[in-house]
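Notes to accompany the following structure.
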Amino acid sequence: PPPPPPPPPPPVEEDKKQFETREYDNQYGLALINASSAYARGATGEGSLIGIMDTGVDYSHQELDGLEKFTYDSLFDYQSRSPTTDEKRHGTHVSGIAAGEKDGSGMHGVAFDAKIYFIAVELSSAPEEYEPAVIDETVDYSGLDSFWSYAEGLFIEKGVTVVNGSFGFQGNIIDYSETALRVSFPKTITALAQINVPDAYKTIFVWSAGNAGAYADQGVDYSSPEVFGGMAYLLPELQGHSVVVVSVDSLGEISWFSSYCGVAKDYCIAAPGSSIYSAYSQDFPKNDSYESFSGTSMSAPHVSGGIALLSDFFRNQLGNTEILNRLFVTANKSGIYADSSIYGQGLMDLDAAT
């Protein structure tokens, strides 16, 4: 075979600098993942569709551009009611990180030209005491399994590039069995596996690793991801199109609250998640507020946005599983990131990836 082509030249420094605006600098995570290099090469997320399942979203926020940012068939309400302003805050913040508008004010998302297909789900906030989920024959998950499989199936039918899951069950994946997961969530696992979809078109599922480090004083083991992020470790058919994300701080070091990659290291990556500045939902008519939040909930949408950028950049060249593999191969594995038990494949690097 012919030798591989030489790597592309680095972006011209001036091209890169024009993207390093105040809006860019306000969200330090963009610089930590070298987003401006991807922008300078023409990657903006245009034509990519990000699926976000979260607590609700304030689609009137200026970062989310009215209904322009969302698909017309997004599901903004719960099955029985609309989310409150408070319930919209988590999903609004996550959506801003992934795809907030580049409009000269506030901050902007990683894939600022991508669109979002949103599904609102009722989720509870983290408890004071760590409560690992019981997943065995004593608990009936059939209702939840039907709902999850329906919702994840909508994303797959819609052909979204990537789905962001900034939520999960508490509990270290090493404490669960493959059999218990298969018995409790058969429909959801079948939907996520996408067995009959060619690899090039499989929707990629991004999961937050969990914030079990925040419960270290309670003796909680945070050496591996929590249940949803860790699932692919026990379920081989989810590998190749699943990624779990741990959080780093502004210095690029693992966040004190973050679960580690551990047993999921092969499909785990690190991204910024400490004190991330993004869109914040306020009661009407304010739609221009911002707050800083921390959690692996904030690191996951960096990666979902990164995948949307690569999908735009490599359109008609790489399929979805190849894009995810490229994200892993090009991640920064130098220095502290060589410790795969913490950082998995390393720190996401959109310069190297593009």
Side-chain angles (χ1 to χ4, degrees), residues 19 21-33 35 39 44-46 48-71 74-78 82-121 123 125 162-167 206 208 245 247 250 271-309:
F19 289 98
T21 60
R22 177 178 292 183
E23 194 181 1
Y24 179 94
D25 291 339
N26 280 344
Q27 207 292 70
Y28 78 81
L30 296 173
L32 205 58
I33 59 175
Y39 304 150
T44 66
E46 189 171 358
S48 297
L49 185 56
I50 301 173
I52 296 181
M53 191 191 285
D54 215 296
T55 54
V57 68
D58 181 358
Y59 52 75
S60 69
H61 196 286
Q62 63 182 19
E63 288 303 337
L64 303 172
D65 197 25
L67 291 174
E68 292 293 304
K69 178 60 71 178
F70 297 91
T71 62
S74 288
L75 302 173
F76 296 119
D77 292 327
Y78 301 149
S82 297
T84 63
T85 299
D86 189 47
E87 285 169 323
K88 290 177 184 173
R89 285 182 176 143
H90 190 273
T92 299
H93 203 266
V94 164
S95 297
I97 295 167
E101 287 288 304
K102 186 174 183 296
D103 58 6
S105 66
M107 49 72 71
H108 69 70
V110 178
F112 51 81
D113 278 343
K115 289 197 77 159
I116 296 172
Y117 177 39
F118 194 93
I119 298 179
V121 288
L123 300 165
S125 46
V162 57
V163 175
N164 190 83
S166 284
F167 58 86
V206 176
S208 53
V245 189
S247 171
S250 59
S274 290
S275 300
I276 302 297
Y277 184 74
S278 183
Y280 182 73
S281 184
Q282 287 285 55
D283 286 324
F284 189 78
K286 282 193 177 178
N287 60 359
D288 57 356
S289 297
Y290 298 84
E291 287 290 340
S292 293
F293 289 147
S294 298
T296 54
S297 280
M298 282 68 245
S299 54
H302 280 87
V303 173
S304 297
I307 290 167
L309 281 185

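Here the structure is a predicted model, which means the values were calculated and not measured.
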Closest contact, heavy atoms only, [X] versus [Y]:
{"X": "Ala111", "Y": "Gly305", "answer": "CB-O, 3.5 Å"}
{"X": "Tyr39", "Y": "Val110", "answer": "OH-O, 2.7 Å"}
{"X": "Phe167", "Y": "Ser208", "answer": "N-OG, 3.5 Å"}
{"X": "Lys88", "Y": "Pro83", "answer": "CE-O, 3.7 Å"}
{"X": "Ser275", "Y": "Ser294", "answer": "N-OG, 2.7 Å"}

Looking at [Y], is its backbone amide N or carbonyl O close enough to the side chain of [X] to form a donor-acceptor pair, meaning the two atoms are under 3.5 Å apart?
{"X": "Ser48", "Y": "Ala308", "result": "yes"}
{"X": "Ser289", "Y": "Gln282", "result": "no"}
{"X": "Ser247", "Y": "Gly273", "result": "yes"}
{"X": "Ser304", "Y": "Pro301", "result": "no"}
{"X": "Asn26", "Y": "Gly106", "result": "yes"}
{"X": "Thr84", "Y": "Glu87", "result": "yes"}

| request: List for me each residue that meets side-chain hydrogen bond (donor to acceptor under 3.5 Å, both in side chains) alongside Thr55, sequence neighbours excluded, and say none if there are none. | output: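 Not a single residue meets the side-chain hydrogen bond (donor to acceptor under 3.5 Å, both in side chains) criterion with Thr55.
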| Sequence neighbours excluded, which residues qualify as side-chain hydrogen bond (donor to acceptor under 3.5 Å, both in side chains) partners of Asp25? |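 None.
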Could you list the donor-acceptor pairs under 3.5 angstrom formed by side chains in residues 95-104, with sequence neighbours left out?
from, atom 1, to, atom 2, distance (Å)
Ser95, OG, Gly91, O, 2.8
Glu101, OE2, Lys69, NZ, 3.3
Asp103, OD1, Ser105, N, 3.1
Asp103, OD1, Ser105, OG, 3.3

Indicate yes or no: at least one non-hydrogen side-chain atom of [X] is less than 4.5 angstrom from one of [Y].
{"X": "Ile50", "Y": "Lys115", "value": "no"}
{"X": "Ser166", "Y": "Asp54", "value": "yes"}
{"X": "Leu64", "Y": "Val57", "value": "yes"}
{"X": "Val245", "Y": "Thr296", "value": "no"}

If the condition is side-chain contact (heavy atoms from CB on, under 4.5 Å), which residues does [X] pass it with, not counting sequence neighbours?
{"X": "Leu75", "result": "Ile119, Leu154"}
{"X": "Thr71", "result": "Leu49, Asp73, Ser74, Tyr117, Lys158"}
{"X": "Ala279", "result": "His61, Glu63, Thr92"}
{"X": "Ser82", "result": "Asp77"}

Rounded distance (nearest 0.5 Å) linking atom [atom1] of [X] with atom [atom2] of [Y]:
{"X": "Leu30", "Y": "Tyr277", "atom1": "CG", "atom2": "OH", "answer": "13.0 Å"}
{"X": "Tyr24", "Y": "Phe112", "atom1": "OH", "atom2": "CZ", "answer": "10.5 Å"}
{"X": "Leu32", "Y": "Ser274", "atom1": "CG", "atom2": "OG", "answer": "10.5 Å"}
{"X": "Asp288", "Y": "Ser60", "atom1": "CG", "atom2": "OG", "answer": "10.0 Å"}
{"X": "Met107", "Y": "Ser278", "atom1": "CE", "atom2": "OG", "answer": "4.0 Å"}
{"X": "Tyr78", "Y": "Leu123", "atom1": "OH", "atom2": "CG", "answer": "7.0 Å"}

Could I get the full list of ring-ring contact (aromatic ring centres under 6.0 Å, His included) partners for [X], not counting sequence neighbours?
{"X": "Phe293", "result": "His93, Tyr280"}
{"X": "Phe76", "result": "Tyr59, Phe70"}
{"X": "Phe118", "result": "none"}
{"X": "His302", "result": "none"}

| Is Glu46 atom CD crowded by more than 12 heavy atoms from other residues, nucleotides or ligands, each under 6.0 Å away? | no
| Between the side chains of Gln62 and Tyr290, is a donor N or O closer than 3.5 angstrom to an acceptor N or O? | yes
| query | Are Ser297 and His90 linked by a side-chain donor-acceptor pair shorter than 3.5 Å? | reply | yes
| query | Taking only residues two or more places apart in sequence or in another chain, which ones pass salt bridge (Lys or Arg N to Asp or Glu O under 4.0 Å) with Glu23? | reply |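 Expected list: none.
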| query | After noting the C-alpha distance and the side-chain angles of Ile276 and Gln27, does the key distance pass the side chain to side chain contact (heavy atoms under 4.5 Å, CB included) rule? | reply | CA-CA 6 Å; Ile276 302 297; Gln27 207 292 70; 3.7 Å; yes
